[in-house]
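Structure, as structure tokens:
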Amino acid sequence: MLSIAGLSKRYEDGILALDNLNLTVEPGEIFCMLGANGAGKTTTINIMLDFIPPTEGRVTVNGVDANEKPIEVKQYLSYLSENVMLYGNFTARQNLEFFTSLAGKDDVSREEYYACLRRVALPEKAFEQRVKKFSKGMRQRVGIAIVIMKNAPVVLMDEPTSGLDPRGATDLVELLKELRDADKAIFTSTHDIFRAKDFADRVGIMKEGRLVMVKTREELEQENLEAIYLDYMRAA
């Protein structure tokens, strides 16, 4: 489970990037955070990953404080960034093998790596190609494979559909649903309102560091998420 309690972040220049965020993401749930650039989405993820400290509040993953015990927390957490960082001179399979070994798994066969790359729909001819020539979408697929292989109970994804073509984005939505069905607690941030409605169990809107709205899938079936989002963005 992912729990955020009273989380705030004020930077040295005085900007309040995050204002008293409270949120819980349960196992078997996908929570999607919408918001414009500067709304606080990335700040939230950076605190979860202990890239920056909070000013107030705390994040816990499986009951462990993310900023007090970041090394322990990382065994419970998988992360997919908007711009996936891979080793360019490694092949797709070698990158997957390397990051899987960092997660403490060293008994995985080559065929198991190939099966995972097939699962994310990377072309088979690319399995043993160096990733430095990969498109952004292909790199994103390898990043998703790394998340799957780690098999952590909590998954963070920052703009997961970034760089994916329509088929790739559809494939990702199905993978997210599979991860949810495997009892993962999944937190994603995105600008993609249309995809958010497809896969999220709950959707939140961030504005100026505050979580101004949270609605369930059932509530959104009766309402227009695009109109709600635009109304919040226009409000003073």
Side-chain angles (χ1 to χ4, degrees), residues 1-8 16-45 47-48 57 59-62 77-80 82 120-121 140 144 147-148 153-236:
M1 182 177 76
L2 173 66
S3 178
I4 302 171
L7 198 65
S8 296
L16 184 62
L18 203 57
D19 187 6
N20 193 34
L21 176 62
N22 293 279
L23 177 68
T24 298
V25 184
E26 300 285 350
E29 180 184 25
I30 302 173
F31 182 90
C32 185
M33 186 79 81
L34 297 173
N37 291 332
K41 306 187 306 297
T42 300
T43 295
T44 302
I45 290 175
I47 293 173
M48 291 178 187
V59 175
T60 58
V61 179
N62 276 18
L77 196 63
S78 291
Y79 172 55
L80 180 71
E82 180 178 0
V120 300
Q140 200 79 353
I144 296 165
V147 167
I148 291 171
V154 176
V155 177
L156 304 182
M157 293 188 170
D158 190 5
E159 298 289 349
T161 58
S162 176
L164 294 177
D165 58 24
R167 179 193 165 184
T170 300
D171 290 343
L172 175 65
V173 167
E174 293 308 309
L175 282 168
L176 282 170
K177 292 176 181 177
E178 289 177 21
L179 292 172
R180 176 189 60 199
D181 292 344
D183 223 25
K184 311 298 184 188
I186 303 169
F187 176 99
T188 72
S189 72
T190 187
H191 294 100
D192 191 340
I193 295 174
F194 302 101
R195 293 290 177 187
K197 292 192 301 182
D198 286 343
F199 64 77
D201 298 296
R202 287 189 297 150
V203 174
I205 294 177
M206 287 282 286
K207 182 179 180 182
E208 297 175 353
R210 291 180 294 112
L211 184 59
V212 294
M213 184 219 79
V214 176
K215 289 188 180 289
T216 66
R217 176 194 299 275
E218 291 74 21
E219 289 172 325
L220 290 173
E221 286 175 356
Q222 310 300 320
E223 302 182 52
N224 186 320
L225 179 58
E226 298 95 317
I228 293 170
Y229 179 81
L230 290 173
D231 284 346
Y232 274 110
M233 292 303 105
R234 293 188 188 112

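Small disclaimer: the values here were computed from a predicted structure and weren't measured.
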Could you measure the distance from the [atom1] atom of [X] to the [atom2] atom of [Y]? Nearest 0.5 Å is fine.
{"X": "I144", "Y": "L175", "atom1": "CD1", "atom2": "CG", "result": "6.5 Å"}
{"X": "M206", "Y": "M33", "atom1": "CE", "atom2": "CE", "result": "5.0 Å"}
{"X": "L176", "Y": "D171", "atom1": "CG", "atom2": "CG", "result": "11.0 Å"}
{"X": "L77", "Y": "N62", "atom1": "CG", "atom2": "CG", "result": "9.5 Å"}
{"X": "L211", "Y": "L34", "atom1": "CG", "atom2": "CG", "result": "10.5 Å"}
{"X": "K177", "Y": "R180", "atom1": "NZ", "atom2": "CZ", "result": "6.5 Å"}

Looking at every non-hydrogen atom in both residues, tell me the closest pair between [X] and [Y] and how far apart they are.
{"X": "A121", "Y": "R167", "value": "CB-NH2, 4.1 Å"}
{"X": "H191", "Y": "E159", "value": "ND1-OE2, 2.7 Å"}
{"X": "Y229", "Y": "I205", "value": "CA-CD1, 3.8 Å"}
{"X": "K207", "Y": "Y232", "value": "NZ-O, 2.7 Å"}
{"X": "A196", "Y": "C32", "value": "CB-SG, 3.6 Å"}
{"X": "T24", "Y": "M1", "value": "CG2-SD, 3.7 Å"}

So do the side chains of [X] and [Y] get within less than 4.5 Å of each other, counting heavy atoms only?
{"X": "L172", "Y": "F199", "answer": "no"}
{"X": "L23", "Y": "T44", "answer": "no"}
{"X": "R217", "Y": "V203", "answer": "no"}
{"X": "D19", "Y": "E208", "answer": "no"}
{"X": "I228", "Y": "E219", "answer": "no"}

>> Quick one, M48 with V61, criterion side-chain contact (heavy atoms from CB on, under 4.5 Å). Give me CA distance, side-chain angles, the key distance, then yes/no.
In response: CA-CA 9 Å; M48 291 178 187; V61 179; over 6 Å; no
> What's the verdict on side-chain contact (heavy atoms from CB on, under 4.5 Å) for L2 and V59, showing C-alpha distance, side-chain angles and the deciding distance?
Replying inline: CA-CA 7 Å; L2 173 66; V59 175; 3.9 Å; yes
Between [X] (side chain only) and [Y] (backbone N and O only), is there a donor and an acceptor less than 3.5 Å apart?
{"X": "D158", "Y": "L156", "value": "no"}
{"X": "N22", "Y": "A5", "value": "no"}
{"X": "K197", "Y": "L225", "value": "no"}

>> Can you tell me which residue among E218, E26, E29 is in a salt bridge (Lys or Arg N to Asp or Glu O under 4.0 Å) with R202?
In response: E29
> Can you name the side chain to side chain contact (heavy atoms under 4.5 Å, CB included) partners of N224, sequence neighbours left out?
Replying inline: E226, A227
>> Would Q140 and L80 count as a side-chain contact (heavy atoms from CB on, under 4.5 Å) here? Give the steps.
In response: CA-CA 8 Å; Q140 200 79 353; L80 180 71; 4.0 Å; yes
